[in-house]
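One structure is given below, encoded as structure tokens.
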Amino acid sequence: MWLLIFSENYGYKKIRIMGPLIPQGLIIGQWDFVIALLIGMAFGFILEASGFSSSRNIAGVFYGYNFVVLRVFFMALVVAMIGLLYFDYFGWINMDLVYVLPTFLPSMILGGVIMGFGFIIGGFCPGTSFTAAAIGKLDGFVFIGGVFIGIFLFGEGFPLFEEFYTAGALGNITIGEVIGMSNQMVTLGVTIVALVAFWGTWLIEKRVRKNIKLFKF
Amino acid sequence: MNRNYIYLTFLILILAAGVFFLPERNNEKHLNPEQLMYEIARPTRFITTDQIAQMIIEKDPTLELIDVRSEDQYAEFTLQRAVNIPLDSLVAESYQDYLGIEDMNAVFFSNDDIKADQAWVIARRMGYNSIYVMKGGLNCWINTIINPTKPVETASSEEFEQYNLRRGASMYFTGAEISADEGSKSSLKVTRKKKKAVAEGGC
């Protein structure tokens, strides 16, 4: 992508820009909240449109009658993985500058387990509870209340968990780096697993549910 | 079964297999010449000696002063808390830890600002951000901070303000006792740099 800039000494000048835009200072930090708001609205819309504001759909993954959550998130993952590699090829993004969240193995495993229990018991994940509240579901509001109580308790009790929270730091690693595979291999592998999961869960759903209707697009 | 799902499955498979045929892209970590030229033309890399004095007095934790003169000159006189990276060893591996520290503003200085400016261009070309040059160098530091000259009687009140500020800084750095004029409105303001929040994702 090219951008026209103006400098007093040299007049107009065409420079090449590539993402990510915020870490390079091409979008200043003050825009963070505006961008977060826009992405949040899009995210909420997709969650609601995918039926994630219904706790039946979400808990259905555990009981084996509805795998829409798995399919939507796997699809998002695959699209993002493949898309980033093509963006890198087109020169639209500099993969060296993309922020990789640091990995803390024990706390992430425990967090995943707690989140999983929350999914089954509460019927929402934090994001979907807000979409449920947005369409006026009472259980969504109760869930949000629980989220804030949890955040408060965790924040106040953080010194107690701090050691565990930061234990097993592996740094900003990716799956490819850990198992020594190229990004392309990982992407293809995840894509195949996702496609098998799409078709496999569809077959399970067809067997479990009698009145199943396929989404037409 | 809806045909579209079968098409979609194949499309994703083809795209995923396609990534193997993309040539490896070498992202340029260095600054390209056009961008460097644009940045050299901008005066934003310069920091005045007044600003540096203020930052030292306020013990600004983000300030990292880098003396690019030779080791002998560094041993003779330098600024408080300054580290020495001689210009000819700026690219040496052992000095790289001093540059590019997150949330630190590295300020180069030398006797005047020519060597420091050269150091800035080299460091910028190496891809470091948040680097600056002390305008005028140590000569300007002596003239403005250590031995400030009194402005003429007809000078504007801003100039007197600045003079008083510099005398205060001079007292701080040299320990000289100079009585401040009464009615001086200048005061050092403490401004804390806001901590940058790292964007993190979540469900």
Side-chain angles (χ1 to χ4, degrees), chain A residues 5-10 13-18 22-25 29 32 35-36 43 47 73 75 78-79 81-86 88-91 93-97 99 101-102 115 119 125-128 182-185 187-192 194-195 198-199 202 206 214-217, chain B residues 1-46 62 100 102-103 105 124 126-132 193-203:
Chain A
I5 53 162
F6 180 75
S7 79
E8 271 177 23
N9 301 35
Y10 300 101
K13 187 103 199 80
K14 232 166 73 168
I15 59 162
R16 191 184 172 82
I17 58 161
M18 65 197 306
I22 295 170
Q24 297 185 86
D32 282 0
I35 295 164
F43 184 52
L47 284 181
F73 275 113
M75 190 70 192
V78 167
V79 169
M81 280 180 102
I82 298 175
L84 276 178
L85 285 175
Y86 278 93
D88 187 41
Y89 167 64
F90 293 139
I93 198 158
N94 184 348
M95 288 300 283
D96 298 330
L97 293 177
Y99 181 70
L101 220 63
M115 185 112 171
F119 261 70
C125 88
T128 58
S182 68
N183 285 340
Q184 284 86 345
M185 276 304 276
T187 304
L188 185 66
V190 172
T191 307
I192 290 169
L195 288 174
F198 292 159
W199 289 98
W202 165 247
K206 223 166 46 168
L214 195 63
F215 178 76
K216 289 256 168 54
F217 67 96
Chain B
M1 175 52 77
N2 193 330
R3 274 228 180 109
N4 286 345
Y5 280 95
I6 297 168
Y7 293 150
L8 197 64
T9 305
F10 278 109
L11 178 71
I12 294 171
L13 260 182
I14 290 165
L15 283 174
V19 296
F20 284 96
F21 298 100
L22 303 178
E24 192 79 6
R25 189 182 185 82
N26 226 348
N27 283 318
E28 216 173 305
K29 278 175 193 156
H30 303 289
L31 211 60
N32 62 34
E34 288 92 356
Q35 179 71 21
L36 188 63
M37 187 173 74
Y38 168 67
E39 289 192 13
I40 288 173
R42 284 195 304 182
T44 45
R45 67 179 177 283
F46 290 112
T62 64
E102 207 180 335
D103 290 333
N105 297 314
R124 197 70 197 87
M126 278 152 62
Y128 292 112
N129 284 313
S130 298
I131 49 175
Y132 302 91
K193 205 179 168 190
K194 269 185 201 157
K195 215 176 166 187
K196 255 192 274 173
V198 182
E200 288 185 33
C203 172

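Please read all numbers here as calculations on a predicted model, not as lab measurements. In what follows, chains are A, B, ... by sequence order, proteins preceding strands, each numbered from 1. Worth knowing before you read on, the calculation uses all heavy atoms, side chains too, and leaves out hydrogens, waters and symmetry mates.
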What part of A:L85 lies closer than 4.5 angstrom to a heavy atom of chain B: side chain, backbone, both or neither?
both
Measuring heavy-atom distances to chain B, does A:L47 have an atom under 4.5 Å in its side chain, in its backbone, in both, or in neither?
neither
State, with a plain yes or no, whether a side-chain heavy atom of A:M75 is found less than 4.5 Å away from one of B:I12.
yes
Of all the heavy-atom pairs spanning A:L188 and B:A17, show the shortest one and how long it is.
CD1-N, 3.9 Å
Which atoms form the tightest heavy-atom contact between B:Y5 and A:W199, and what is the distance?
O-CZ2, 3.9 Å
How about CZ on B:F10, more than 12 heavy atoms from neighbouring residues, nucleotides or ligands closer than 6.0 Å, or not?
no
CD1/A:I82 to CG/B:L13 distance, rounded to the nearest 0.5 angstrom?
8.5 Å
Heavy atoms only, distances under 4.5 angstrom: which of A:L195, A:I192, A:T191, A:N183 has the most pairs with chain B? Name it, please.
A:L195
